[in-house]
Number of protein chains: 2
Amino acid sequence: MVKEIRETSPIKSWLTLLTMTSAIKKDVDARLRVQFDMSISRFDVLSALDRSKRNGLRAGELARQLFVSDGNTTQVMSRLVKEGLVLRRPDSKDARAINYSLSDEGKLLFDEMAAAHEQWIHSIFNELNDQKHRELGEILTLLKPELLSGSKPSKDDK
Amino acid sequence: MVKEIRETSPIKSWLTLLTMTSAIKKDVDARLRVQFDMSISRFDVLSALDRSKRNGLRAGELARQLFVSDGNTTQVMSRLVKEGLVLRRPDSKDARAINYSLSDEGKLLFDEMAAAHEQWIHSIFNELNDQKHRELGEILTLLKPELLSGSKPSKDDK
DNA sequence: AAGCATTAGTTTATATATAAACTAAAAAAT
DNA sequence: ATTTTTTAGTTTATATATAAACTAATGCTT
């Protein structure tokens, strides 16, 4: 009776995926810090605001897009506002809501960072040809897209 | 002049990779918290200690394996020791060094958690056949393995 | 052996993240 | 119209992470 040798297991795939992704993320974060005094979290906020164009986003919408808590958003936005990269305005329709948008300074800095960021990512992913990009995309979409809904597991799910 | 439409770009691949990986990680972390009052960080520590068998690991070696700072290790280990899951012993050869290993209770809990963890990962990755596992593994190894060395970028790298 | 440099780990200050309790405004129900 | 419930965001307590300054022991040099 020969023990079957499996070179690929879900656990191994997952560990490799997690390790490589974390390493790339740390590398990008470290580069943002060294070159722009920026973190990847704050960069992601600026990125979401940039995509939102002139209108900006409400605090809650930002939190939802970035998969972070409202409380975290409060903190991070207060820093970005203090640094002058983001404008904070009360919503005209709803007195509870806050609208955030890029300041001119924020837009300038973001464009500069985005260009550098694109180069870093290119240089990390340049070993992948178009075929491999498609394969990677396909594989990732096979992995339980319902995880992106943000629902929490409960004590008795299996 | 028609603008070329590229369905795959490194930036898109990277965003998908980061988003899916973070979502899976959050899901696993949430399940560990709900079912075992455990975080993924502490689980990773127990996992490294389990792999190290009887001998355990030094604080610095743990930090290196898990790609975290020494200071973080100090904190996390102090919690695991307080909870009785990990034993902390002075190294017999070097009075500066600390050796950590799983307690009996830690080993029991880890085995239980590892079995549940394996099931969760299976259920997330079960859409991938062996072929796709191999493809994923191959793709991930193409991505700058030197990032795993843990060196920091300097101000003037490009 | 004494002095210096390195190494192992801790401490402190700070950033980033969450959950839970809270405040205020808006929306829904009566 | 008043009460109740829901929604938007903040605050507080805590966990997790880092970098930089620090302490103590070890190893190296002379």
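Keep in mind that the numbers below use all heavy atoms, side chains included, and drop hydrogens, waters and symmetry copies. Proteins get letters first, then strands, A, B, ... in listed order; numbering begins at 1 in each. Here the structure is a predicted model, which means the values were calculated and not measured.
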Could you state the atom-to-atom distance from CD1 of B/Ile40 to C1' of C/dA17 in whole Å? 14 Å

Name the nucleic acid region contacted by A/Ser41, choosing base, sugar-phosphate or nothing; use a 4.0 angstrom heavy-atom cut-off, strictly under. sugar-phosphate

Whole angstrom value for the distance that separates P of C/dA15 from CG of A/Leu80: 12 Å

Footprint string (nucleotides 2-9 of chain D, 5' to 3'): B base within contact, S backbone only, - free, heavy atoms under 4.0 Å: -----BSB

I'd like to know if A/Arg64 pairs up with A/Glu61 as an ion pair, taking the criterion as any Lys NZ or Arg NE/NH1/NH2 lying under 4.0 Å from an Asp or Glu carboxylate oxygen. yes

Given A/Arg33, A/Lys25, A/Lys26, the one that forms salt bridge (charged side-chain N to carboxylate O under 4.0 Å, His left out) with A/Asp29: A/Arg33

Less than 4.0 angstrom between a side-chain N/O of B/Lys26 and OP1 or OP2 of C/dT18, yes or no? yes

Any side-chain to backbone donor/acceptor pair from B/Ser52 onto B/Asn55? Under 3.5 Å, distance only. no

Measure CZ/B/Phe43 against C1'/D/dA15 and give the value in whole Å, please. 18 Å

Spacing between A/Gln75 atom CD and C/dA17 atom C1', to the nearest angstrom: 8 Å

Could you check A/Ala95 against A/Arg42 and say which one's nearest nucleotide on DNA chain C is further toward the 5' end? A/Arg42

Under 4.0 Å between a side-chain nitrogen and a carboxylate oxygen: does that hold for B/Lys132 and A/Glu138? yes

Roughly how many Å is it from CZ in B/Arg33 to C1' in C/dA20, rounded to a whole number? 14 Å

CG of A/Asn72 versus P of C/dT18: gap in Å, rounded? 5 Å

Students often mix this up, so state it plainly: with edges at 30° and 60°, are the rings of A/Phe125 and A/His133 parallel, tilted or perpendicular? parallel

For the pair made of CG in A/Asp29 and P in D/dA17, what is the distance, rounded to whole Å? 14 Å

Before you tell me yes or no, could you show the steps for B/Asp91 and B/Lys93 under salt bridge (charged side-chain N to carboxylate O under 4.0 Å, His left out), namely the whole-Å CA-CA distance, both residues' side-chain angles and the distance that decides it to 0.1 Å? CA-CA 6 Å; B/Asp91 187 281; B/Lys93 311 257 170 72; over 6 Å; no

With respect to the side chain of B/Val68, which nucleotide from D/dT16, C/dT16, D/dT18 is positioned closest? D/dT18

What is the separation between atom CG on B/Asp91 and atom P on D/dG27, rounded to the nearest whole Å? 11 Å

Over all strands shown, is A/Thr73 touching base, sugar-phosphate only, or nothing at heavy-atom distances under 4.0 angstrom? nothing

Assign each of B/Gly71 and B/Arg64 to its nearest nucleotide of DNA chain C by heavy atoms, then name whichever residue's nucleotide is nearer the 5' end. B/Arg64

Tell me which one of B/Val68, B/Val76, B/Leu85 satisfies side-chain contact (heavy atoms from CB on, under 4.5 Å) with B/Val45. B/Val76

